[in-house]
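In this chain, residues are counted from 1 in sequence order. The structure displayed is predicted, hence computed values, not measured ones.
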Amino acid sequence: MTTLLDYESHEVVRPVLDTARAEMARLINQARAELLASGTAVDIEQLAQGQARTADSARQWLSRRRRERRLVTVQHDGRTLVPTFQLDTDFDVEPDAAAVVTRLLDHDMDPWSIWDWAETPNTWLNGRTPSRVLLDGNLDTVDRAIRGLFQD
């Protein structure tokens with residue numbers, strides 16, 4: 001009996017592993033794990049408590065700020081997390097951080113990348129994190145770091 005393909009006479013094609021993509025995925029997962037362990041985000045319940053709101057009211061508040069591109073959130077294990085560098089002591093949007101978030105979103109950065117950028121020591125900021133520099137009220141310095149990042 002003749003078949004169209006003689007499977008025994010053909011070598012099995014082995015998949016080519018893309019080591020660069022695998023390494024990129026590992027680095028992304030490592031960075032996200034570090035962010036999640038850093039304590040630099042709150043969930044909806046913590047946000048609601050900090051704002052003295054109900055969780056539903058906090059979700060609505062959050063939704064409006066995201067639509068306005070003034071704040072980003074990330075999803076992890078079915079939870080919405082708000083990176084705290086964007087919030088003031090009353091759990092409201094910090095205006096300088098909102099300006100930074102808008103600029104980074106305008107450059108097509110995703111929320112995880114924005115959070116990572118804000119919490120990573122930056123050579124444009126003499127090794128300080130953008131979140132720390134924003135906390136000190138140095139928006140102009142952070143603006144220079146963004147211009148350096150995107151060569152604006």
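Shown here is Trp61, whose CH2 atom has more than 12 heavy atoms of other residues, nucleotides or ligands within 6.0 Å. Within 6.0 Å of atom CG in Asn29, more than 12 heavy atoms from other residues, nucleotides or ligands are found, so the atom counts as buried in its surroundings. Heavy-atom neighbours of Glu68 CD from other residues, nucleotides or ligands within 6.0 Å: above the threshold of 12.
Under the 4.0 Å criterion applied to side-chain N and carboxylate O atoms, Asp116 and Arg32 are not assigned as salt-bridge partners.
No donor-acceptor pair closer than 3.5 Å links the side chain of Gln51 to the backbone N or O of Arg53. Checking side-chain atoms of Arg128 against main-chain N and O of Pro121 turns up no donor-acceptor pair under 3.5 Å. Listed for the Ser131 side chain is a donor-acceptor partner under 3.5 Å among the backbone atoms of Ala118. A donor-acceptor pair is defined here as one N or O able to donate and one able to accept, closer than 3.5 Å; no such pair exists between the side chain of Thr80 and the backbone of Gln75. Side-chain N or O atoms of Gln86 include one that pairs as donor or acceptor with a backbone N or O of Pro83 at under 3.5 Å. Using modelled atom types, no side-chain atom of Ser63 and backbone atom of Gln60 make a donor-acceptor pair closer than 3.5 Å. A donor-acceptor pair under 3.5 Å links the side-chain atoms of Asp88 to the main chain of Asp90, judged by distance alone.
Inspection of the Thr40 and Trp115 side chains reveals an N or O donor paired with an N or O acceptor under 3.5 Å. Under the 3.5 Å distance criterion, with hydrogens and angles disregarded, a donor-acceptor pair is assigned to the side chains of Arg26 and Gln30.
Rounded to the nearest 0.5 angstrom, Ser57 OG and Leu47 CG are separated by 9.5 Å. Between the CZ atom of Phe85 and the CG atom of Leu134 there is a distance of 7.5 Å, given to the nearest 0.5 Å. Interatomic distance, OG1 of Thr73 versus CG of Asp43, reported as 12.0 Å (0.5 Å rounding).
By the side-chain hydrogen bond (donor to acceptor under 3.5 Å, both in side chains) test, His76 is found to be paired with no residue, residues two or more places apart in sequence or in another chain being considered. Residues passing the side chain to side chain contact (heavy atoms under 4.5 Å, CB included) test with Arg59, sequence neighbours excluded: Ile44, Glu45, Ala55, Asp56.
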For residues 138-146, please give each side-chain donor-acceptor pair under 3.5 Å, one per line with the distance, not counting sequence neighbours.
{"unit_1": "Thr141", "atom_1": "OG1", "unit_2": "Arg144", "atom_2": "NH2", "d": "3.4"}
{"unit_1": "Asp143", "atom_1": "OD1", "unit_2": "Arg103", "atom_2": "NH1", "d": "2.8"}

Let me see the working for Leu135 and Glu94 under side-chain contact (heavy atoms from CB on, under 4.5 Å), right down to the final yes or no. CA-CA 9 Å; Leu135 187 62; Glu94 202 289 316; over 6 Å; no
With side-chain contact (heavy atoms from CB on, under 4.5 Å) as the criterion, how do Trp112 and Ile28 come out once you've worked through the C-alpha distance, each side chain's angles and the decisive distance to 0.1 Å? CA-CA 9 Å; Trp112 279 100; Ile28 289 170; over 6 Å; no
Trp117 and Asn122: side-chain contact (heavy atoms from CB on, under 4.5 Å), yes or no, with the steps? CA-CA 8 Å; Trp117 180 82; Asn122 188 305; 3.5 Å; yes
Run the numbers on Leu81 and Val42 for side-chain contact (heavy atoms from CB on, under 4.5 Å), then give the verdict. CA-CA 5 Å; Leu81 301 173; Val42 294; over 6 Å; no
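Taking hydrophobic clusters as Ile, Leu, Val, Met, Phe, Trp and Tyr residues chained together by side-chain heavy-atom distances below 4.5 Å, Leu62 shares a cluster with Phe91. Val93 and Leu105 sit in two unconnected hydrophobic clusters of ILVMFWY residues. Membership requires side-chain heavy atoms under 4.5 Å apart, directly or through other members. Put simply, Ile114 and Val100 are part of the same group of oily side chains (I, L, V, M, F, W, Y) that touch within less than 4.5 Å, one to the next. Under the 4.5 Å side-chain contact rule for hydrophobic residues, Val74 and Leu35 share a cluster.
Of all the heavy atoms in Trp124 and Leu149, the pair that sits closest is NE1-N, 4.3 Å. The shortest non-hydrogen separation linking Glu119 to Thr129 is O-CG2, 3.4 Å.
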